[in-house]
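This chain uses plain numbering: 1 for the first residue, then up along the sequence. Since the structure is predicted, the reported quantities are computational estimates derived from the model, not experimental observations. Just follow the structure's listing: the first ligand is 1, and inside any ligand the first atom is 1.
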Amino acid sequence: MPTAASQSATAIVRAVRAGETTPAAALQDALARAEAARGLNALISINEHAGEHAEAVQARLKAGEALPLAGLPVVIKDNLNLTGTRTTCASRMLEHYVSPYTATAVQRLISAGAVVVGKANMDEFAMGSSTESSAFGPTLNPWDLARVPGGTSGGSAAAVAAGITAVSLGSDTGGSVRQPAALCGVYGLKPTYGRVSRYGLVAHASSLDQIGPLARSAADLALLMNVIAGHDPRDATSLDAPPAFAAGTPDDLRGLRVGVITESLDGNTAGVSAVLAGTLDALRGAGATVGEVSLPALKHAIAAYYLISMPEASSNLARYDGMVYGARGAGDDVSSSMIHARESGFGREVQRRIMIGTYALSSGYYDAYYSKATRVRRLIADEFGAAFGDYDVLVTPTSPFPAFRRGEKTSDPLAMYAADVDTVAVNLAGLPALSVPAGFEEVDGRRLPVGIQFIAPALHDELLLRIAGGLEGTGHVRAEAAPGVLG
Ligand code: GLN
């Protein structure tokens, strides 16, 4: 029996384990859907070794191994290393780079029986909010092909929304799993900093980066988190907190203390405000109490985020000189060759960030910019801490607006940065947060998905999936099939 595009990861794994289908057949289905959805440009490459990997899973099943992700096709963002595949970070700089090793999170998927179908498109080096800065062309939003899927994990989100795979991995430095999940109508979790190993994730801003899963149900997110989370000695920031994820039921909402962050109530489209209000009603209806809480330092979150992420990025990207790492530049001497490598290898946004980041770290400006931003970061973390004295979970829209049109913000970097207003503070504070597909806004006669974000205290990632499952149970939250793509 072929696996359907709308089939859940849980159902695919069950069918493979029951012998109703094989890993190779599930892979073929996913590849056929990737081919049919080629126009979305969600994938940068197909994993040429996927067939062998599927056969290996079959052999392990035959040998009696109990594999929690048996034969599950997955898509991973193209900043995650997988031995023998290209890892481009959607950049010319790494266009021909073939990974000599595998990221821990990806290895855990494979060890559990998953099969990597392909590598997802993204903003170059995970810098952006729309997947338009990819050197390999933009990804389209399956809900409206004229619009962006969000970013930077836009390929991972579009692949799941379009049913190429049931689940995918992205990375989230300032919202890059949650915002594309919201704009594509799927679930996206940014785990507590340290919950998922960053080993093998190409670094953007190391103090903020986290790998996170995207899926079409809370149960599927739980399935993935139970595999990818956990301590890894290869990541010095990895935490030792064994995962115990499960999708909840409406019972989990009873008595839950929900705090709406008042700073997130302004500047939203009417549709986003309406979906937030509807979500709060659903929570109250299920027995939660809903209050409002102000975190005044959040008005500085975007400034602090960019003044921390850009300096970190400028240091992390210093290694791409065309000598040790990255495509070789032309030139008669070392310095002109390096300059050429960096000018031709990096796109405009990446170059802009390297320059601003370097400036903010330079002597005489360090105190005014980088150091001040780290103090704001502490203030934000403290305000979250105080809010969690009164509330179990905090809620905001994931994005102030649904998917915007391609090209709408590309000439205005500040407008693009402003798209992250609801997500970046979570990374600064190292907290877990989940975007759930909570409704739609109708724009120009089309329904565009709207995401609502739940933020939990550090290491309370499990609570987020209980809430998501609870809201699914009330019927308020669900990932619908994108029109004409899912079958
Ligand atoms: N949009 C944010 C940025 O451009 C977040 C990116 C991310 O999370 N990788 O930095």
Side-chain angles (χ1 to χ4, degrees), residues 76-80 89-91 120-134 138-139 148-157 168-184 188-191 193 196 198 201-214 301-317 346-357 360 373 377 398-401 403-404 408-410 412-435 451 453:
I76 61 174
K77 189 173 180 177
D78 207 19
N79 58 358
L80 289 162
C89 289
S91 181
N121 203 359
M122 53 186 281
D123 281 294
E124 185 179 7
F125 279 102
M127 298 174 184
S129 307
S130 66
T131 315
E132 290 171 289
S133 74
S134 168
T139 296
V148 305
T152 62
S153 311
S156 302
S168 63
L169 288 188
S171 67
D172 190 314
T173 305
S176 281
V177 164
R178 290 161 285 156
Q179 186 254 18
L183 271 46
C184 288
L189 175 68
K190 189 289 234 199
Y193 184 77
V196 177
R198 289 181 293 114
L201 164 69
V202 179
H204 167 184
S206 307
S207 78
L208 302 158
D209 296 340
Q210 263 298 281
I211 294 169
L214 296 96
I302 291 205
Y305 167 78
Y306 280 98
L307 282 173
I308 287 170
S309 66
M310 290 183 186
E312 288 192 19
S314 74
S315 324
N316 275 328
L317 271 58
F346 290 139
R348 284 182 68 83
E349 181 59 23
V350 175
Q351 293 191 17
R352 173 167 26 245
R353 292 190 187 207
I354 290 171
M355 286 192 288
I356 298 175
R377 180 180 196 167
T398 309
S399 160
F401 35 72
F404 46 94
E408 196 178 309
K409 298 185 194 293
T410 35
D412 183 354
L414 289 180
M416 193 68 90
Y417 301 165
D420 307 327
V421 64
D422 293 313
T423 50
V424 293
V426 163
N427 302 70
L428 289 171
L431 303 174
L434 170 67
S435 180
Q453 171 176 248

### Task
Could you find the nearest protein heavy atom to atom 5 (C) of ligand 1 and give me its residue, atom name and distance?
Y305 OH, 3.3 Å
## Note on the structure
When distances are taken from atom 7 (C) of ligand 1, the protein heavy atom at minimum range is S176 OG, 2.3 Å
Under 4.0 Å to a heavy atom of [X] - the qualifying atoms of ligand 1, by number:
| X | value |
| --- | --- |
| A126 | 6 (C), 7 (C), 9 (N) |
| Y306 | 1 (N), 2 (C), 3 (C), 4 (O), 10 (O) |
| G175 | 8 (O) |
| H204 | 9 (N), 10 (O) |
| G174 | 5 (C), 7 (C), 8 (O) |
| G128 | 1 (N), 2 (C), 3 (C), 4 (O), 6 (C) |
| S129 | 1 (N) |

### Message
Treating D78 as the side-chain partner and A120 as the backbone partner, does any N or O pair qualify as donor plus acceptor under 3.5 Å?
### Response
no
### Query
Where the side chain of E312 meets the backbone of S207, is there a donor-acceptor pair that is under 3.5 Å apart?
yes
Using non-hydrogen atoms of the residue, decide whether [X] is closer than 4.0 angstrom to ligand 1.
| X | result |
| --- | --- |
| Y417 | no |
| R353 | yes |
| S309 | no |

Classify the side-chain pair [X]/[Y] by whether it contains a donor and acceptor separated by less than 3.5 Å.
| X | Y | answer |
| --- | --- | --- |
| S133 | D123 | yes |
| N121 | S134 | yes |
| R198 | Q210 | no |
| N79 | S171 | yes |
| S153 | K77 | yes |
| R178 | N427 | yes |
| E124 | S91 | yes |

Mind checking whether [X] has an N or O less than 3.5 Å away from an N or O of ligand 1?
| X | answer |
| --- | --- |
| D172 | no |
| T173 | yes |
| D420 | yes |

### Query
Y306 vs Y417 aromatic rings, parallel, tilted or perpendicular, using cut-offs 30° and 60°?
parallel
